[in-house]
2 protein chains.
Amino acid sequence: MVPGDMLTDHPSYTCLSDTEKAIFNAALTEFGRAGRCGARMQTIADRAGINKAMLHYYFRSKEGLYEAVLMRVVSSFMDSVTAALDRHDTFPDQLRAVLDAYLRAHLSRPEVAGLWLNENLNGAPVARKLLRPKGGVEGPRRMIAWIEGAVRDGHIRPVDPVHFVITFLGSVVIYVIGMPTFSSLRPELASGSEEQIRARIDHLHSLFYHGLKS
Amino acid sequence: MVPGDMLTDHPSYTCLSDTEKAIFNAALTEFGRAGRCGARMQTIADRAGINKAMLHYYFRSKEGLYEAVLMRVVSSFMDSVTAALDRHDTFPDQLRAVLDAYLRAHLSRPEVAGLWLNENLNGAPVARKLLRPKGGVEGPRRMIAWIEGAVRDGHIRPVDPVHFVITFLGSVVIYVIGMPTFSSLRPELASGSEEQIRARIDHLHSLFYHGLKS
DNA sequence: GTCTATATCTCGATAGAC
DNA sequence: GTCTATCGAGATATAGAC
């Protein structure tokens, strides 16, 4: 849909039929809004402009649809993160690039954060499958290795890589998901304007850069 | 229940009848586990050791019960944060005390984070009501004022107080809520042991302290 | 205040025509 | 592949006795 969209540019998306794409987009919106349990098959069908029975024709069940959506979405987001890492050399540049890519990916698809959080409320069975060392998505482990490398090379002070990656990812996710609450502290935040996006990236970059430097 | 529990020590809790307390605790657990839609009134009744009809006697509907639980819980958590601020003088000590209080509050009631997130997925009507300037809960605005004061007094470098508070609260919330995912990166995290709690607090304290100091 | 029994409704899933 | 019609499980909510 959007040019440069993390999701619709992904190879595993472009090969879908039009109906499958419509279902997929509708399901993402609905699952992100209402969660695994709160989502309604009827709403997804309406939004996709098809019949409810068709959902069961393409995906056996609601569970099947949920898993398909979640796996595709998490994979493409994590791929965008690792791609950003590969495009830069110095630590500060990489830090900014990953922040930029990850925040913009989430802002362009705010439903994804909701999907992942709801998944965690249910024990994250699908997300855990996606993170398995062999055959899973490599984004988080790649980020951990990135921090480990920066510590080893003396670019940043010694820091627990797992804790930092949790803080890093969380600072972006929470900004998107908590927006309804935060915007009552500062209404401009909810505009999603380029100015607000840059302000968030600048804040996180300087906080983390100073927080990590040797 | 637990001595020192943020919730059960709160004045608005201790004046409830035994049945109301039982309902309240059961509802908190169930709503946190399954979300606003996934929660089952039958499960809440069973856990509270009462009949399903009693839930509708004390709280008119499922929605009413949900709102009552959420408002009470968010208030008491935010009160624990401001109390921690008042107990210390220097910025580093306050930073550690608030981190400690807020993380332990969430770990003692992991359902609360899930409740707040589900609330945001629905546009956060209750949370926004709680944050209104007059008559609402003062925790977040109190934290913002704390950061503003520290900047003004030269204890920390100039930083956007709202963005920092978002990052601060989010780094704690995401740790609790994302545990099912993160524990597949490092299984020990899920133990919730004192060692793991301290490691998280130490990480965040040093990251934020170095990230903010003049 | 507390319970049993039940009304009412919503939703996922399927059958079967086209 | 796509639709209409419907089944049946399971949930909220209430009626009414005690």
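Numbers restart at 1 for each chain; the letters A, B, ... are given by sequence-line order, proteins then strands. Hydrogens, waters and symmetry mates are skipped; everything else that's a heavy atom, side chains included, is used.
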Atom pair distance, as rounded to whole Å: [atom1] in [X] and [atom2] in [N]:
X      : N       : atom1 : atom2 : result
H56(B) : dG1(C)  : NE2   : C1'   : 16 Å
N51(B) : dG16(D) : CG    : P     : 17 Å
I50(B) : dG1(C)  : CD1   : P     : 13 Å
Y66(A) : dC11(C) : OH    : C1'   : 19 Å
E20(A) : dT2(D)  : CD    : C1'   : 15 Å
Q42(A) : dA5(D)  : CD    : P     : 13 Å
D46(B) : dC3(C)  : CG    : P     : 12 Å
K52(B) : dT12(D) : NZ    : P     : 7 Å

>> Checking contacts here: which listed nucleotide (dA13(C), dT2(D), dG1(C)) is nearest the side-chain heavy atoms of S61(A)?
In response: dA13(C)
> What nucleotide among dA13(D), dG1(C), dT2(D) has an atom nearest to a side-chain atom of Y57(B)?
Replying inline: dG1(C)
>> Between E119(B) and L70(B) (side chain of the first, backbone of the second, donor and acceptor by atom type, cut-off under 3.5 Å), is there such a pair?
In response: no
> Ignoring hydrogens and geometry, is there a side-chain-to-backbone donor-acceptor pair from E30(B) to T43(B) under 3.5 Å?
Replying inline: no
> Salt bridge check: are D100(B) and R104(B) linked by an N-O gap of less than 4.0 Å?
Replying inline: yes
> Can you find a side-chain donor-acceptor pair between T82(B) and R141(B) that sits under 3.5 Å?
Replying inline: no
> When you check the side-chain N and O atoms of S183(B) and R128(A), is any donor under 3.5 Å from an acceptor?
Replying inline: yes
> Which comes earlier along DNA chain D counting from the 5' end, the contact point of M54(A) or that of E63(B), where each point is its nearest nucleotide?
Replying inline: M54(A)
>> Students often get this wrong, so: under 4.0 angstrom with heavy atoms, is A39(A) touching a base, only sugar-phosphate, or nothing?
In response: sugar-phosphate
> R40(A) side chain N/O closer than 4.0 Å to the phosphate oxygens (OP1, OP2) of dG12(C)?
Replying inline: yes
> dT2(C) phosphate, OP1 or OP2: any side-chain N/O from Y58(B) under 4.0 angstrom?
Replying inline: yes
